[in-house]
Amino acid sequence: MQKTEGGAVSRLPVDRLQSSLSIRGLTKTYPGTRALDHIDLNFAAGRIHAVVGGNGSGKSTLIKILAGVLRADTGALTIGTDEFDLSGFDAASSRNAGVRVVHQDLGVFPILSVAENIALGSGYPTTALGLVGWRSLRKRAATVLDSFQIDVDPGTPMQSLRLAVQTRIAIARALQSQDNASSKVLVLDEPTAALPTHEANELLGTLRGFADMGLTIIYVSHRLDEILDHTDDASVIRDGSLVGTETTPSWTEEKLISAMIGKAPIARKPRAQTQMNRGNLLEIRGLETGPLKHLDLTVAKGEIVGIAGLTGSGRSSLLRTIFGVTKPAGGQISFDGQKIHANSPERAANRGIAMVPENRAVEAAFADLPIRDNLLITRLPEFAPPGRILRAGLIEKEASALVARFAIKAVSTASTLSTLSGGNQQKVIMARWLSREPKLLLLDEPTQGVDINSRNEIHEQIREAVNGGAAAIVVSSDFDELALLADRVLVIRGGHVRAELAEQDLTVERITQLATFDEQSGTRK
Amino acid sequence: MTATRTHKAPSTQTGRLRANGWALRVLERYALVLLIIIMIIIFSTDPASSRVFLSAPNINSILANQSVTGILSLAMLVTLVAGFFDLSAAAVTGVASVIVASFTGAHVGNPVLAVAIAICVGAAIGALTGFLIAKVRLDSFIITLGLYILLGGVLVWYTQGQTLPTGSSFSDISSIKIFGIPSPFILLIIVGILVWLFLQHTPFGRYLEAIGSNSNAARLVGINVDRIVWLSFILSGALAALAGCLLASRNGGGDATTGSSYLFPAFAALFLGATAIRPGRFNVWGTIIGVFFLAIAVSGLTLIGASTWVQPVFNGASLVLAVILSTFAARARSRRVVRPADTKS
């Protein structure tokens, strides 16, 4: 265990010349969309500067450009006295310029020790024989931990530490002294997303210490309370444009929310009451699963229920438990009047439940199989009479009909799924389930990474299915989408349903406020 | 949407590109067949090998001998399509050959019963392996390697290192010719057609391929992944045992080591096969072509008097080259597909 001495912080490899960072005229376009449009931003040294924005606002693109992962179309970057052209700014330039980025996925290695995790950021020390110098590795790690005031033994396996400590080690690894460059700017992408409030506060305290030493800190977060309590400046980005930058005390929760969502009127399509409430389809009592504690939920036939919550709130656990992927720790689920005892995806699908998971590539797509297999994989027995082989003609006919009905833009149903654009792949996944005419649709981020036209088409398909008597539960971190699509929205935070919004209460403002602001988390400065 | 625009562009340049793409695809698919033809031409014109190479006995022995490797490869293909290595299949072939020999030889039993017992034992070993892999979720490579070694040892103990002879009536079956074609080859083609129908044209086979493509997604579309993987191991065990019955009949006996020695030739054929017919995927006809590619090379090289080291060098080099070429072809293919940029921010 390392003792923390008073003078330890002076050993931090921070450039003592206070270097501010400024971005001029940053533009980045993707085919069809402008992700960032002439962004000008100044980040002062010694301050924590929050960058806030909804999903798809462009803030992640901004971070990736600063990290050198993505190339900008145009734009200039100044750090201290150094100037860079952002259209040619790669990962090595970013490092040499003194930018250190810690992503939300920390990139730590759980089974390795803390010392090795730190060494993987700077290289292993070796002995004269070219073997790993374990003793100097340990000593060096101890020095780093000491100077960052992290009180853990270098030999501890990473996985046995709390997430907040792991995050601090990831930051220490990013900032530790390198031979060729000093650290000037620390960029953090949602470092507290998966942390409980007290651990988040602990981490933010550490960041304050770095800022006091002259580091420029760029802080991306969804949690508005955190931003209001712990940052010095805040900038809001919406649809690729900068809405405004002000010192944090001049922001309020209301101002931040309205800057994030803009004033654009939402064309909500209220559905006729007669189409709703045709009896209960799903009843959940006292469900405990993942982060959820004692959740009650009733869904009626003909209803679209939205679930709002941040990453890690348990929104996906809810869907995965209903679909039998995750076993609940407690509680009861009834579907169509029957209590569910044994559950599995196979049983759930046979009951008439469909789930479109959040991560298409990992959990839904058969990327290297033909589109027709992707569409009809769950319905194959229909096309094979008992004891006979599959009827290729019928499969082709049905697949073509689905491609037409769901407006999937494909050259042929025999092409592999990977040849389609993201939006069209998502339409294939939707068509896979909707063609089975499910009673309950569980949709986890159904339009994430999907272009606006496909999004509207997918929404229309959901409405059509529900008007036909099905029900849908939609999880989305795009609160516009929930306000647009859902008949009512449950906001989950801290394992509980914090609010249920319907009719005139169901606005993007209210959802954003309830999902991102924790009233209990503390006092304003 | 950008993708569709690219596909529609009716310029002459895309026309030429498409024609090139088509020619490349055909070449990629049939490259191995083409190489077989080239080898046949060389070996039948080379004075050292031409007389024997094209003789009926040589052709018949290639066709008949390779049927064991072929059926064993198809047994391994069934689980490999779903992404599972089954090293124990070759040991099951050995077990079956010894079972058949001991039931038709000393005890002078009914050959049909002997084959039935061998296939049931193969299926049972497959059921055990499949249980450990699909239900207990152990690593297929390690489990089947362990079984391969274990079964080999059991066979040495049981046979005491001797070859157990089959009855002569049983060994005669594999010497029968139908329309001049050796019966083992006919058996291989029948098994090939059945496995092909099963993998390509039944829901079960499609599920296997979906599991091989993305087992998470397969589970989440409601496919009972565990059961299907388990069943595929049972089927694989039964087919490997069938290969063992053929092996015993061809050799007129069963011993502890011959079956196991088919492991690497069978794997080589599978991987070579994945570069042909349906490039990038393990498939039935590619595998059978792979088997005969290697066999024809071995036969020809022996006939022209190549030293013993030439064969393994040739086999190894062709496998490595085939994989290199098909990997480059696959990369070229994916470059041809215009992927729209991820518009997520």
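Every chain is numbered from 1, with letters handed out A, B, ... down the list of sequences.
Contacts of residues 206-213 of chain B with chain A at a heavy-atom distance below 4.5 Å involve Arg206(B), Tyr207(B), Glu209(B), Ala210(B), Ser213(B), listed in sequence order. Within residues 226-239 of chain B, the residues having any heavy atom less than 4.5 Å from a heavy atom of chain A are, in residue-number order, Arg227(B).
Distance alone, capped at 3.5 Å, is enough to place a donor-acceptor pair between the Asn214(B) side chain and the Ala365(A) backbone.
With a 4.5 angstrom heavy-atom cutoff, Ala364(A) touches chain B only via backbone atoms. Proximity to chain B is absent for every atom of Ala348(A), based on heavy atoms less than 4.5 angstrom apart. For chain B, the nearby part of Asp373(A) is the side chain; its heavy atoms alone come within less than 4.5 Å. If you measure heavy-atom distances from Val325(A) to chain B, the contacts under 4.5 Å come from the side chain alone. The part of Phe323(A) that comes within reach of chain B is its side chain, from C-beta onward, which places non-hydrogen atoms under 4.5 angstrom from that chain. Proximity to chain B (any heavy atom under 4.5 Å) is restricted, for Ala361(A), to the backbone atoms N, CA, C and O. Both the backbone and the side chain of Pro381(A) come within contact range of chain B, each with at least one heavy atom under 4.5 Å from a heavy atom of that chain.
Considering CZ of Phe204(B) and CG of Leu390(A), their distance stands at 13.0 Å, rounded to 0.5 Å.
For the set Gln200(B), Arg219(B), His201(B), the count of heavy-atom pairs under 4.5 angstrom toward chain A peaks at His201(B). Per-residue counts of heavy-atom pairs under 4.5 Å with chain B were compared for Asn350(A), Asn359(A), Thr378(A), Ile63(A); the largest is that of Thr378(A). Chain A forms more heavy-atom pairs under 4.5 Å with one residue of Leu220(B), Leu197(B), Thr202(B) than with any other, namely Leu220(B). For the set Leu376(A), Leu380(A), Asp368(A), the entry with the most heavy-atom pairs within less than 4.5 Å of chain B is Asp368(A).
The two residues Ala349(A) and Gly222(B) have their closest heavy-atom pair at CB-CA, 4.3 Å. When all heavy atoms are compared, the tightest approach of Arg432(A) to Val221(B) is NH1-CG1, 3.2 Å.
Within 6.0 Å of CZ on Arg71(A) lie more than 12 heavy atoms contributed by other residues, nucleotides or ligands.
No donor-acceptor contact under 3.5 angstrom links the side chains of Glu363(A) and Asn216(B), judged on distance only.
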